[in-house]
Number of protein chains: 2
Amino acid sequence: MKLDRFDRQLLNLVQEDATQTAERLAEKVGLSPSAIQRRLRRLREEGVIVRDCAVLDPKKAGRPTFFVVSVQVERERPELLAQLREWLAAQEHVQQAFYVTGEADFVLIIAAHDTETYDALMARMVQENPHVRRFTTNVALSVVKRGLTIPIPEETDD
Amino acid sequence: MKLDRFDRQLLNLVQEDATQTAERLAEKVGLSPSAIQRRLRRLREEGVIVRDCAVLDPKKAGRPTFFVVSVQVERERPELLAQLREWLAAQEHVQQAFYVTGEADFVLIIAAHDTETYDALMARMVQENPHVRRFTTNVALSVVKRGLTIPIPEETDD
DNA sequence: TTTGAAACTCATGGGCC
DNA sequence: GGCCCATGAGTTTCAAA
């Protein structure tokens with residue numbers, strides 16, 4: 001599963017705009033539309049491209065508040081860690097969750113429409129995951145940037 | 001610019017999968033394909049839907065490392081704050097940036113393919129933004145969840 | 001005014017060179 | 001990988017509620 005120069009270029013392009021036609025992409029990377037379609041299909045089949053999703057403007061889609069949460073857990077029981085991961089992944093308000101080095105064990109990005117929703121979520125977190133020791137909340141006063149783009153170097157060393 | 005029950009349902013659906021045909025969406029929400037397309041076009045025109053983008057699997061797209069960075073700045077000069085925001089938004093490796101309450105002023109999610117890239121980025125940050133006082137880095141050992149989905153309540157009180 | 005249906009246009013996806 | 005043809009989705013228009 002290697003990515004050549006064209007694949008990398010393609011991935012950078014569709015990460016920005018997945019609605020572009022194969023024809024448009026073709027002229028940008030210098031291949032035929034057929035080749036583009038074949039590569040995109042392969043990239044999807046192989047799971048390099050996981051999915052295509054619409055990105056909303058938070059201000060126009062209910063004005064949610066974003067919370068950055070640092071979570072500390074008791075590290076003695078590894079099996080509970082896996083449980084917490086699953087729990088986090090299942091919560092729709094949890095946009096992102098990273099297991100990190102440092103003081104905190106997890107960093108979460110939460111999107112909720114009001115403080116009540118957020119509080120209820122955190123209450124359920126500590127209740128349903130007893131090894132959560134403590135957590136600290138940072139409220140996002142504004143969102144400077146928001147995306148999932150993974151920059152892929154396009155150097156021609158395939 | 002109000003969102004009725006159908007709009008909200010539609011937004012929740014396209015956030016998960018933007019490749020669904022209008023026909024599929026139509027039977028899910030109980031409208032005709034034409035109505036779906038009209039609504040989607042309106043939602044895009046009004047900027048509720050900002051864009052459609054392909055989401056990559058980090059493990060299959062160069063295995064980037066994710067960093068969670070807390071940044072503290074000198075708060076005396078508000079104009080430098082705006083400058084930093086613009087700087088952050090312009091950096092391709094900065095996936096997300098929030099201006100937050102609490103000890104830190106900004107929380108960043110960085111995606112970089114190696115530590116050198118990350119170090120260089122942070123070096124440039126402090127160099128080109130002199131009011132950055134200090135920052136602390138948390139390396140993501142694993143990504144538990146990754147998305148931009150904003151859950152939209154679908155209650156029928158339009 | 002907004003919805004549903006039909007005609008039209010064009011991108012997509014297959015097979016072949 | 002590029003070319004061509006068939007299929008299917010997106011777009012526009014029009015009629016109806």
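Lettering follows sequence order; numbering is per chain, from 1.
- Atoms CD (B/Gln37) and C1' (C/dC8) sit 13 Å apart, rounded to a whole Å.
- With respect to B/Asp4 and B/Arg39, a salt bridge is recorded, a charged nitrogen being found less than 4.0 Å from a carboxylate O.
- A/Arg24 comes within contact range of no nucleotide atom at all, as no heavy-atom separation falls under 4.0 Å.
- If you measure from atom CG of B/Leu10 to atom P of C/dT3, you get 12 Å, rounded to the nearest angstrom.
- A donor-acceptor pair under 3.5 Å is absent between the side-chain atoms of A/Lys145 and the main chain of B/Gln95, judged by distance alone.
- If you check distances only, the side chain of A/Arg39 never reaches the base of D/dG1 with a donor-acceptor pair under 3.5 Å.
- The nearest whole Å value for the distance from the CD atom in B/Glu23 to the P atom in D/dT11 is 15 Å.
- The side chain of B/Ala35 approaches C/dG4 more closely than any other nucleotide in the set D/dG10, C/dG4, D/dG1.
- For the pair B/Leu25 CG and D/dG10 C1', the computed distance is 13 Å after rounding to whole Å.
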Worksheet item: Does the salt bridge (charged side-chain N to carboxylate O under 4.0 Å, His left out) test come out yes or no for B/Asp114 and B/Arg63, once each step is laid out?
Response: CA-CA 9 Å; B/Asp114 43 57; B/Arg63 296 193 151 271; over 6 Å; no
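- Looking at B/Ser34, its side chain comes within 3.5 Å of the base of C/dA5 through a donor and an acceptor atom.
- Regarding A/Arg44, its CZ atom lies at a distance of 10 Å from the P atom of C/dT12, rounded to whole Å.
- When the P atom of C/dT1 is taken as reference, atom CG of B/Asp4 falls 18 Å away, rounded to whole Å.
- Phosphate proximity of C/dT12 to A/Arg41: absent, as no side-chain N or O sits under 4.0 Å from OP1 or OP2.
- Within 4.0 Å (heavy atoms only), B/Arg38 reaches at least one base atom of the nucleic acid.
- As rounded to whole Å, 15 Å separates atom P of C/dA11 from atom CG of A/Leu40.
- A cation-pi geometry, defined here as NZ or CZ lying under 6.0 Å from the six-membered ring centre and within 45° of its normal, holds between B/Arg85 and B/Tyr99.
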